[in-house]
Amino acid sequence: MSVAMTAPLPQKPVVPNAVLGTLIFVVAEVMFFVGMISAFTISRSGAPAGTWPVPGQPMLPKDATLVNTIALVASGLILLVSQVLHAKKKGAAKWLVLVAWLLGAGFVVLQGQEWARLIGAGLTLTSSRLGAFFYLIVGMHGIHAVAALCTLGAVVLRLVRGRPAGGLFFGAQVFWYFVVLMWPIIYARVYF
Amino acid sequence: MSALFLACSVCGAGQEGTETSYVVMTLIVSFLPLAMIGGVAFWLWRAAKQRDEAIEAERNTQPASEPR
């Protein structure tokens, strides 16, 4: 009597642990930002006519920030392309990740320059409610952008050295997409 | 007086716009986490299903080992 034997196949995880962990973190962070945007929206709608923004305070730089926004969104799109290429052409993928990192770093630097200008013009954390919300929301996003850039930078280093980035690459991508997708919402809500 | 009502931007102003914003943001803050958790759970379920199907297909294409 013969019995057909089938060897058990190794179980693959559904998603890498780094991706699942980052996703859970991102869900919590989305609620953190939504809470702040909610407070901002309600506060703004309750401001008496003619007091938002406070007369005499500088206007937020919508046009300059639009350039930053385009750079950040482009960075996210380039990272998406690098993800597609990662499986096929690792050599090309690592340079695309580097370009995405540089665009993200440019966004942070330009935002810093805007902040310096606004503070110089008199918009500070305590000068008005708009100032308080602006620095809180945009500042928190900036901190997340810097943290995501550090993670993405570690991925770039690994890829340039020819070492596999594995779960770190995908986890860093999820975190960067969160930073990229959160920004247009903040821009549309706070700057207009 | 102004300092008193600015202390609570939600309940103090009493304007229709504030109330609308309050209701809309409450709905968003209430349902967004449920939608996100549901979305992640659905995505995981679908990915697990696809993985199982791929394993099953691989198992079916593999030749059975020789009988002892």
Side-chain angles (χ1 to χ4, degrees), chain A residues 1-17 19-52 54 126 128-133 136-137 170 174 177-178 181-182 185 188-189, chain B:
Chain A
M1 180 180 153
S2 67
V3 179
M5 301 289 287
T6 52
L9 291 171
Q11 284 280 311
K12 287 185 290 184
V14 175
V15 291
N17 288 342
V19 173
L20 187 60
T22 312
L23 265 178
I24 293 168
F25 175 70
V26 162
V27 166
E29 291 300 290
V30 166
M31 290 316 296
F32 172 68
F33 277 100
V34 167
M36 285 193 295
I37 291 170
S38 167
F40 173 81
T41 303
I42 293 165
S43 189
R44 181 179 176 167
S45 64
T51 63
W52 194 285
V54 176
T126 53
S128 63
R129 273 193 291 168
L130 173 61
F133 275 116
L136 182 70
I137 298 173
F170 297 117
V174 171
Y177 294 146
F178 155 70
L181 292 175
M182 204 69 227
I185 299 167
R189 199 62 229 139
Chain B
M1 179 60 188
S2 62
L4 192 68
F5 83 74
L6 284 176
C8 177
S9 56
V10 175
C11 53
Q15 297 171 355
E16 197 178 329
T18 315
E19 289 168 14
T20 308
S21 298
Y22 183 69
V23 171
V24 170
M25 292 316 300
T26 301
L27 288 172
I28 291 173
V29 171
S30 301
F31 290 108
L32 186 63
L34 299 174
M36 283 193 296
I37 292 167
V40 170
F42 175 73
W43 178 65
L44 286 174
W45 171 78
R46 209 182 59 172
K49 198 175 157 194
Q50 283 173 350
R51 182 205 56 183
D52 291 346
E53 283 169 1
I55 288 175
E56 197 57 41
E58 199 177 334
R59 195 189 291 272
N60 290 338
T61 54
Q62 267 187 356
S65 59
E66 289 298 316
R68 292 183 186 178

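Per chain, numbering begins at 1; letters A, B, ... match sequence-line order.
Using a 4.5 Å cut-off on side-chain heavy atoms (C-beta onward), B:Leu44 and A:Leu20 make contact.
In this structure, OG1 on A:Thr41 lies 4.5 Å from CE on B:Met25, to the nearest 0.5 angstrom. In this structure, CD1 in A:Ile24 is found 9.5 Å from CD1 in B:Ile37, a value given to the nearest 0.5 Å.
Proximity to chain B (any heavy atom under 4.5 Å) is shown, for A:Val27, by both the backbone and the side chain.
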